[in-house]
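Accompanying notes for the structure given below.
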Amino acid sequence: MVKANAYGLGANRVARALADEGCRHFFVATLGEALELSGILGAGFDILVLNGVDPGAEQACADAELIPVLNSRIGLRNWQREAERRGGQLPAVLQIDSGMSRLGLPLDALPALTADGAFRHLSLRLLITHLACSDEPDHPANSQQLNRFEEARRLFPGVPASIANSGGAFLPSAFHLDMVRTGIALFGVAPGPHAAHLRPAVSLSARILQIREIGPGDGVGYGLEHVAREPQRLATLGIGYADGWCRRLGGAGAARHAGQRLPIVGRISMDSMVVDISGLHRGALSEDSHVELLGPSQSVAEVARDAGTIGYEILTRLGPRLSRTYVDAPECRR
Ligand SMILES: *Cc1c(COP(=O)(O)O)cnc(C)c1O
């Protein structure tokens, strides 16, 4: 799964690294993402579009040899018409709603659609469904969805099938079927308590733009939301909400240095934020030093908790202004 710019990390480099490791199937969410990825990867890969084809874009999708995930009757009908117009068959992935009520054809619609020849001009490459609770390994919905999906699969003999996202990949092997669709786990973020042994693959540091001392009564940032009660040493960091660092982290989150927590004080600005470094000895940091926002001392999950969100949102928001360095760590290869 390399949608949303490979979870914010840069689809260009991430997809090419995955291709080097032997990955041949790449999922994105939109046609725009798929066209971009197709330019990055070149021929020889299956690029699958989760949100299907926007009405009117069927021709562009087929010309680019992209494979839509068909989620609705209308999407199915339009893709089938495009295949007829071309006088051949078009590849497709069919999504079935096994209980999440988000995307996919309902189970009970399938027998009639099959009988009506609704798939006649399609070469079905894969059947998929999506788990609502794969992050809760003991949730009864997981096996209920698997059972319903198995029922649907019987109508499409010989077509490969996939149910598991990252959370599902750590469920028992009955959930693995022909393909797992791992996203967040590729980047070392645990999709649930059953995958806590993953090692983080992403770190983020911010440069200190300025250091200052303030005294009792001095305010910090927009709205002067933080007012010092005692002398404080502050560092202004060059990352803000326009870089994807959520405003919710103002007064709630932190940066780290040498493992020590440096609380964010006041509101987060567009391009900067202020942290309290009073707890560090003088000289530990200077202007132009870097502090950690994500890394060994502060996980994606911790930041997500501080921001009242999930790790997926923290990663996918990491903005285009952040400079990205890719480290090929041989110790991570087997
Ligand atoms: C995003 C997505 C995935 C990947 O989910 P992760 O939890 O990141 O592994 C898999 N399948 C579908 C349909 C998705 O939309």
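What you see is a predicted model; the values in this text were computed from it and never measured. Each ligand, and each atom within it, is numbered from 1 in the order the structure gives.
Between Gly183 and ligand 1, an N or O atom pair is found at a separation short of 3.5 Å.
Ranking the protein heavy atoms by distance from atom 7 (O) of ligand 1 puts Tyr312 OH, 2.6 Å first. The protein atom (non-hydrogen) at minimum distance from atom 9 (O) of ligand 1 is Ser166 OG, 2.5 Å. Of the protein's non-hydrogen atoms, the one nearest atom 14 (C) of ligand 1 is Lys3 NZ, 3.0 Å. Met1 CE, 3.5 Å is the protein heavy atom nearest to atom 3 (C) of ligand 1. In terms of protein heavy-atom proximity, atom 11 (N) of ligand 1 is closest to Arg181 NE, 3.0 Å.
Only the side chain of Leu50 comes within 4.0 Å of ligand 1, judged by heavy-atom distances. Residue-level proximity to ligand 1 for Ile184 is carried by backbone and side chain together, each with a heavy atom below 4.0 angstrom.
One finds no salt bridge joining Asp218 and Arg212 here, because no Lys/Arg side-chain nitrogen approaches an Asp/Glu carboxylate oxygen to under 4.0 Å. Using a 4.0 Å cut-off between a side-chain N of Lys or Arg and a carboxylate O of Asp or Glu, Arg24 and Asp46 do not qualify as a salt bridge. Under 4.0 Å is where a charged nitrogen must lie from a carboxylate oxygen, and between Arg153 and Glu150 at least one such pair does. By the 4.0 Å N-to-carboxylate-O rule, Glu213 lies close enough to Arg282 to be salt-bridged with it.
Distances shorter than 4.0 angstrom occur between a heavy atom of Tyr7 and an atom of ligand 1. Residue contact check for ligand 1: Arg102 places a non-hydrogen atom closer than 4.0 Å to it.
Of the candidates Leu90, Ile67, Leu66, Leu66 is the only one forming a side chain to side chain contact (heavy atoms under 4.5 Å, CB included) with Cys61.
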Using the rule given for salt bridge (Lys or Arg N to Asp or Glu O under 4.0 Å), can you reason through Asp63 versus Arg86, listing the C-alpha separation, both sets of side-chain angles and the distance that settles it, and then say yes or no?
CA-CA 11 Å; Asp63 285 347; Arg86 288 171 179 254; 2.6 Å; yes

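Summarising the geometry of Ser134 relative to Asn165, their closest heavy-atom pair is OG-OD1, 2.9 Å, with the distance given to 0.1 Å.
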